[in-house]
K.L.:
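I have a structure here, written as structure tokens, and I will follow up with some questions on it.
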Number of protein chains: 2
Amino acid sequence: MTQAAELTPAARKILDAAAELFYGRGITAVGVDLIAKEAGVTKKTLYDRFGSKEALVAAYLGERDERWREWLTARVLSGDAGAGPCERILRTFDALEEWVRRENPRGCGFVNAAAELPDPRHPGRKVITGQKRWLRDFLRELAVEAGAADPGRLADELVLLHEGATVLGGLHVVAGPVAAARSMARGALVREGCQGGAGAQAQ
Amino acid sequence: MTQAAELTPAARKILDAAAELFYGRGITAVGVDLIAKEAGVTKKTLYDRFGSKEALVAAYLGERDERWREWLTARVLSGDAGAGPCERILRTFDALEEWVRRENPRGCGFVNAAAELPDPRHPGRKVITGQKRWLRDFLRELAVEAGAADPGRLADELVLLHEGATVLGGLHVVAGPVAAARSMARGALVREGCQGGAGAQAQ
DNA sequence: AATGAGGTAGACCGATCTGTTTACCTCTCC
DNA sequence: GGAGAGGTAAACAGATCGGTCTACCTCATT
């Protein structure tokens with residue numbers, strides 16, 4: 001847990017309302033008055049707790065980022081250490097599948113936010129690039145453990161598949177984008193010398 | 001050409017200004033007053049020509065869609081009919097590479113627009129889904145010509161790679177996303193029984 | 001010479017935007 | 001029992017939002 005516990009009850013309600021509205025309707029289109037009203041809170045309280053809409057946006061993205069990281073690591077590194085590293089890589093797509101289904105009906109929240117925050121100085125931008133970089137590093141580490149011939153390249157490809165599947169999941173033009181991404185990932189793993197099941201890893 | 005020629009000079013300037021502003025700063029964040037000012041035109045003229053901001057957004061997306069289709073088909077089906085169908089599929093990534101470099105510094109314009117248009121009744125939504133569906137159909141047709149074992153599946157995978165590369169191109173966290181997508185596409189082509197060069201196609 | 005299309009200039013409308021302020025209430029902790 | 005933190009309620013500010021309107025100009029076509 002991060003500073004979530006440090007949030008005041010009112011701040012908690014504000015952040016929950018903001019998360020739903022920002023993701024569901026867009027950041028620019030949602031005003032602070034609406035957020036305060038949905039949260040059952042005064043606008044003054046909102047500004048006392050978060051200082052500005054910019055900061056509230058950054059807090060929304062930060063918490064979403066945190067939840068995604070916890071979700072992914074829990075599903076991938078969970079319990080059974082017996083699972084091979086290649087299997088762990090494939091599991092990131094299983095984790096993504098469920099995440100997209102339950103949290104991403106409108107596509108990637110970070111990509112969507114990036115579309116609305118062109119100003120590079122916006123505090124939310126750091127969160128967005130941090131989220132993407134973290135995913136790439138996480139996948140690269142898994143690729144190294146899997147004994148990939150070129151872990152950097154494999155990580156880039158896996159990020160590409162993750163991103164494409166997440167975005168396409170919100171567009172409803174391709175049937176099962178995450179499954180397609182997973183099967184392509186398997187192909188890349190084979191090429192890199194990892195056959196899937198247990199064992200077969202260097203190190 | 002479509003109705004582009006039918007546009008009055010002022011309408012042309014409005015659409016150009018709108019395209020740059022909508023893509024560069026976001027749709028919701030850009031007001032009609034700013035568009036009119038940038039176009040060197042009166043707000044009344046804007047409303048006389050386009051009727052509403054909604055319609056102007058749809059026109060912006062429609063023209064962007066048209067330009068992308070022309071760009072892609074021209075680069076893929078250009079001149080030398082001697083090129084094999086598998087090569088044509090790979091060429092879609094070459095076309096994308098240049099398109100992303102010169103037109104997509106901030107990611108896919110359609111994905112970005114979708115993020116800002118949650119209302120399914122917005123006229124721009126039809127353009128967005130139409131663009132994605134067209135790309136999938138186009139790639140599927142190429143896959144059929146290439147004698148792919150499963151053209152539908154291949155098309156889904158190719159769309160996934162296109163989308164992922166386009167989006168990642170605007171995030172600057174992975175070095176050469178389109179090149180990575182292209183190399184993965186080659187892998188998928190090999191799996192589908194198409195070896196690249198000329199010949200080797202069924203039919 | 002008249003007409004209508006395509007413009008400019010600019011005021012105006014009501015609503016909404018982010019953000020601030022004053023006044024008052026209710027706890028908890030020291 | 002005083003202080004401070006965390007609130008509510010509501011008015012206020014100035015800017016901007018999408019959109020309308022009147023008045024006038026210019027030009028090509030008939």
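Letters go in sequence order (proteins before strands), and every chain restarts at 1.
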K.L.:
OP1 or OP2 of D:dT8 sitting under 4.0 Å from any side-chain N/O of A:Thr45?
P.N.:
yes
K.L.:
Within the 4.0 Å heavy-atom criterion, would you say B:Gly40 contacts the bases, only the backbone, or no part of the nucleic acid?
P.N.:
sugar-phosphate
K.L.:
Take the protein atom NZ of B:Lys44 and the nucleotide atom P of D:dT20, then report the distance between them rounded to whole Å.
P.N.:
11 Å
K.L.:
For a quick test of reading the model: is some side-chain N or O of B:Ser52 closer than 4.0 Å to OP1 or OP2 of D:dG18?
P.N.:
no
K.L.:
Using a strict 4.0 Å threshold on nitrogen-to-oxygen distance, state whether A:Glu103 and A:Arg67 make a salt bridge.
P.N.:
yes
K.L.:
Indicate yes or no: does B:Glu163 engage B:Arg136 in a salt bridge with an N to O separation below 4.0 Å.
P.N.:
no
K.L.:
With the threshold set at under 4.0 Å for non-hydrogen atoms, list the residues of residues 13-32 of chain B touching DNA chain C in residue-number order.
P.N.:
none
K.L.:
Cation-pi check, A:Arg75 to A:Trp71: give yes when NZ or CZ is under 6.0 Å from the six-membered ring centre and within 45° of the ring axis, no otherwise.
P.N.:
yes
K.L.:
Whether the side chain of B:Lys43 and the base of D:dG19 hold a donor-acceptor pair under 3.5 Å is what I'd like checked.
P.N.:
yes
K.L.:
Do the side chains of A:Thr8 and A:Ile14 get nearer than 4.5 Å, heavy atoms only?
P.N.:
no
K.L.:
If you find the nucleotide of DNA chain D closest to B:Gly51 and the one closest to A:Val41, which residue's nucleotide is nearer the 5' end?
P.N.:
A:Val41
K.L.:
Salt bridge between B:Glu97 and B:Arg102, side-chain N to carboxylate O under 4.0 Å?
P.N.:
no
K.L.:
Over how many whole Å does the gap from A:Ile35 atom CD1 to C:dC17 atom P extend?
P.N.:
10 Å
K.L.:
Can you check the B:Arg12 CZ to C:dG7 C1' distance for me, whole Å?
P.N.:
18 Å
K.L.:
Under 4.0 Å between any heavy atoms, over every strand shown, what does B:Asp48 touch: base, sugar-phosphate, or nothing? Just pick one.
P.N.:
nothing
K.L.:
Between B:Glu145 and B:Arg88, is there a side-chain N and carboxylate O pair less than 4.0 Å apart?
P.N.:
yes
K.L.:
Calculate the interatomic distance between B:Leu46 atom CG and C:dG6 atom P; express it in whole Å.
P.N.:
15 Å
K.L.:
So, is A:Arg49 close to the D:dG7 phosphate, meaning a side-chain N or O under 4.0 Å from OP1 or OP2?
P.N.:
yes
K.L.:
From C-beta outward on A:Tyr47, which listed nucleotide comes closest to its side chain: D:dC17, D:dG7, C:dG19?
P.N.:
C:dG19
K.L.:
Less than 4.0 Å between a side-chain N and a carboxylate O, is that true for A:Lys43 and A:Asp33?
P.N.:
yes
